[in-house]
There are 2 protein chains.
Amino acid sequence: MPYSYDYPRPALTVDCVIFGLDEDGLKVLLIKRGGEPFRGCWAIPGGFVDMDESLEQAARRELEEETGLKSVYLEQLYTFGDPGRDPRGRVVTVAYWALTRVLAEPVRAASDADSAAWFAVDDPPKLAFDHARVLEVAHERLRSKVRYQPVGFELLPRDFTLSQLQQLYEILLDRPIDKRNFRKRVMDLDVLVDTGEVQQDVAHRAAKLYRFDRRRYEQLLRSGVNFEI
Amino acid sequence: MPYSYDYPRPALTVDCVIFGLDEDGLKVLLIKRGGEPFRGCWAIPGGFVDMDESLEQAARRELEEETGLKSVYLEQLYTFGDPGRDPRGRVVTVAYWALTRVLAEPVRAASDADSAAWFAVDDPPKLAFDHARVLEVAHERLRSKVRYQPVGFELLPRDFTLSQLQQLYEILLDRPIDKRNFRKRVMDLDVLVDTGEVQQDVAHRAAKLYRFDRRRYEQLLRSGVNFEI
DNA sequence: CCAAAAGTGTTTATGATACACCCATGT
DNA sequence: ACATGGGTGTATCATAAACACTTTTGG
């Protein structure tokens, strides 16, 4: 092999911080480690990068292997590489993050992990490695991103009410939002389609169901529209 | 060594996209490669991560070795790791970026590189590896960051006039800015100190010189002030 | 006295915020 | 009929944008 490198190399892993939402608030998907080190400890799902796959492919593969979750839109978060972050030696990890619908995606314990479960982001268990820091960085990123991009739709069922959407934003932004102003802004963004359906089985007036129009959103995004909420 | 990893490992490098500014506009610092592959080709400065240094330390070290530049504030940009981005085999690179004053920092050709030089960001030479893409991502990041954080001060001499600052923002944002509105906004941010000095040797009324008050800026940033320009 | 950039306020337009009541449905 | 959340409009305030002339200095 011409010009091959022959240095000692750090090991390379990927980790996936997956946020979800249920009635109680914002959740994060963790796995219980089946092997050493930190056996039995909760951790962010992830694992080693194979030589022939891209970083994102690796993240996607590990996520599915460990939690059963697939087809989420992963975004690169940050690369953590301080010496000493792994007791076994030098390990650099490229962290990804994503949003998903908790209820629509029941997680299963899978091959590499004892079990997987959702935890409140505000009150996570003790985490392996420097994963508490990774989670913190991901949570910051989510909070900052939600302000200027309509990321939240990924956290809701496909069809949702405006009140659900508002609750979501109130959780993410951690402040109450005025109902009329919120609806005005959201409808002005022009990225929701009215499904024509309404909520079922509620003990009050049924709310209209909307759906996020990703196509339209990407169109508007390219044309420079501002999606600040 | 307990629990040691024994997988094939990608090689790990760091790269530093350094932006500067001179009379002609926005510049980027490149080195001419002294070895294969891409010998003689221009590239973003960078190199291998040692086993005992952090990623940022590695970036800082490589930057100084190859260009003589030190003490810049590096920020992590993105990690590029597609298989095939390096002809020698699997190489993952963690890219950093920074802003610096071109004139205050004459670059020298250094050990690992034939030579270093500044190039117009809009018209770079053909670059090694996927460095054209890396530069593109860095440029996007700069443009998006400059909108809500006063990053630009790093590109100017320590003492500068409001017109210089405005020119800088016009270059970065690529649009003309109204002089009175710009001055109003900038002075309202309350992060400039009047040095009491004025420009020397200009063939017109001498402008006042200001200095960026980083201490004050970080204070305000923590207290949640918005620095949108 | 001319050229060249520095410096300075006010008006207008736009978008953000605050705010309260009636409606539809299930029990 | 009542409890529960769904749905709607307007007035006010704050911030952003548009805009033109006088001042200083060196040549």
Side-chain angles (χ1 to χ4, degrees), chain A residues 22-24 146-150 156-157 159-211 220 223-229, chain B residues 23 146-150 156-157 159-211 220 223-229:
Chain A
D22 69 8
E23 318 73 49
D24 301 330
V146 79
R147 246 168 266 158
Y148 55 93
Q149 280 184 30
L156 293 176
D159 298 356
F160 52 85
T161 70
L162 292 180
S163 293
Q164 286 177 307
L165 186 61
Q166 180 173 343
Q167 278 166 38
L168 165 62
Y169 272 89
E170 288 178 336
I171 288 171
L172 295 179
L173 298 172
D174 197 30
R175 63 177 167 88
I177 301 176
D178 178 82
K179 183 161 62 160
R180 279 167 294 189
N181 294 336
F182 180 78
R183 285 168 183 240
K184 215 181 310 167
R185 269 199 299 275
V186 168
M187 295 316 275
D188 284 351
L189 292 182
D190 201 26
V191 293
L192 295 192
V193 291
D194 187 335
T195 62
E197 308 286 307
V198 296
Q199 274 183 319
Q200 298 300 319
D201 303 318
V202 286
H204 53 78
R205 174 173 177 179
K208 283 186 179 179
L209 291 170
Y210 293 87
R211 192 173 299 169
L220 291 172
S223 71
V225 176
N226 180 13
F227 286 97
E228 203 160 338
I229 294 289
Chain B
E23 318 73 48
V146 80
R147 246 168 265 158
Y148 55 93
Q149 279 184 32
L156 293 176
D159 298 356
F160 52 86
T161 70
L162 292 180
S163 293
Q164 287 177 307
L165 185 61
Q166 180 173 343
Q167 278 167 37
L168 166 61
Y169 272 89
E170 287 178 336
I171 288 170
L172 294 178
L173 298 173
D174 196 30
R175 61 176 168 88
I177 300 175
D178 177 83
K179 182 159 63 160
R180 278 166 295 187
N181 293 336
F182 180 78
R183 284 168 184 240
K184 217 182 307 167
R185 269 199 298 276
V186 167
M187 295 316 274
D188 284 351
L189 292 181
D190 200 26
V191 293
L192 295 192
V193 292
D194 187 335
T195 62
E197 308 285 306
V198 295
Q199 274 183 318
Q200 298 299 319
D201 303 317
V202 286
H204 54 77
R205 175 172 177 178
K208 283 185 178 181
L209 290 170
Y210 293 87
R211 191 172 300 168
L220 291 173
S223 70
V225 176
N226 180 12
F227 285 97
E228 203 160 338
I229 294 289

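So that the names make sense, note that chain A is the first sequence line, chain B the second, and so on, each numbered from 1.
To the nearest angstrom, C1' of C/dT14 lies 13 Å from CG of A/Asp188. Per the geometry, CG belonging to B/Leu209 stands 15 Å off C1' belonging to C/dG7, to the nearest Å. Rounded to an integer number of Å, the gap from CZ of A/Phe182 to P of D/dT8 is 14 Å. Here C/dA16 presents its C1' atom at 14 Å from CG of B/Asn226, a figure rounded to the nearest Å. In this structure, the CZ atom of A/Phe160 is 14 Å from the P atom of D/dG6, given to the nearest Å. A straight line from CD of B/Glu228 to P of D/dA16 spans 8 Å, rounded to a whole angstrom. Protein atom NZ of A/Lys208 is 6 Å distant from nucleotide atom P of D/dT8, rounded to whole Å. Here D/dG5 presents its P atom at 13 Å from CZ of A/Arg183, a figure rounded to the nearest Å.
In this structure the side chain of A/Thr161 reaches within 4.5 angstrom of the side chain of A/Leu209, judged on heavy atoms. Under the 4.5 Å side-chain criterion, counting only non-hydrogen atoms from C-beta, B/Pro150 is in contact with B/Tyr169. Proximity of B/Pro176 to B/Gln166: side-chain heavy atoms (C-beta onward) are nowhere separated by under 4.5 Å. Two residues are said to be in side-chain contact when any heavy atoms from C-beta on lie closer than 4.5 Å; B/His204 and B/Gln199 meet this criterion. Side-chain atoms of B/Phe160 and B/Leu192, non-hydrogen and from C-beta on, do get closer than 4.5 Å to each other. Side chains of A/Arg183 and A/Val186 form no contact here, defined as non-hydrogen atoms less than 4.5 Å apart.
Contacts between residues 164-176 of chain A and DNA chain C, counted as heavy-atom distances below 4.0 Å, involve no residue at all. Within residues 192-200 of chain A, no residue is approached by DNA chain D to less than 4.0 Å at the level of any non-hydrogen atom.
Contact between the side-chain N/O atoms of B/Arg185 and the OP1/OP2 oxygens of D/dT15 is not found at any separation under 4.0 Å. Look at B/Ser163 and you won't find any side-chain N or O under 4.0 angstrom from OP1 or OP2 of C/dA5.
For the atom pair NZ of B/Lys184 and CG of B/Asp178, the computed distance is 7.5 Å after rounding to the nearest 0.5 Å. Note that OG1 of B/Thr195 is 8.5 Å distant from OH of B/Tyr210, once rounded to the nearest 0.5 Å. The line from CZ of A/Phe182 to CG of A/Leu162 is 7.0 Å long, rounded to the nearest 0.5 Å.
In this structure a side-chain-to-backbone donor-acceptor pair under 3.5 Å is missing from A/Gln149 to A/Arg147.
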Protein-to-nucleotide contact annotation, 5' to 3' order, nucleotides 19-27 of chain C [B base; S sugar-phosphate only; - none; under 4.0 Å, heavy atom]: BB--BBBS-
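Shown here is A/Asp194, whose CG atom has more than 12 heavy atoms of other residues, nucleotides or ligands within 6.0 Å.
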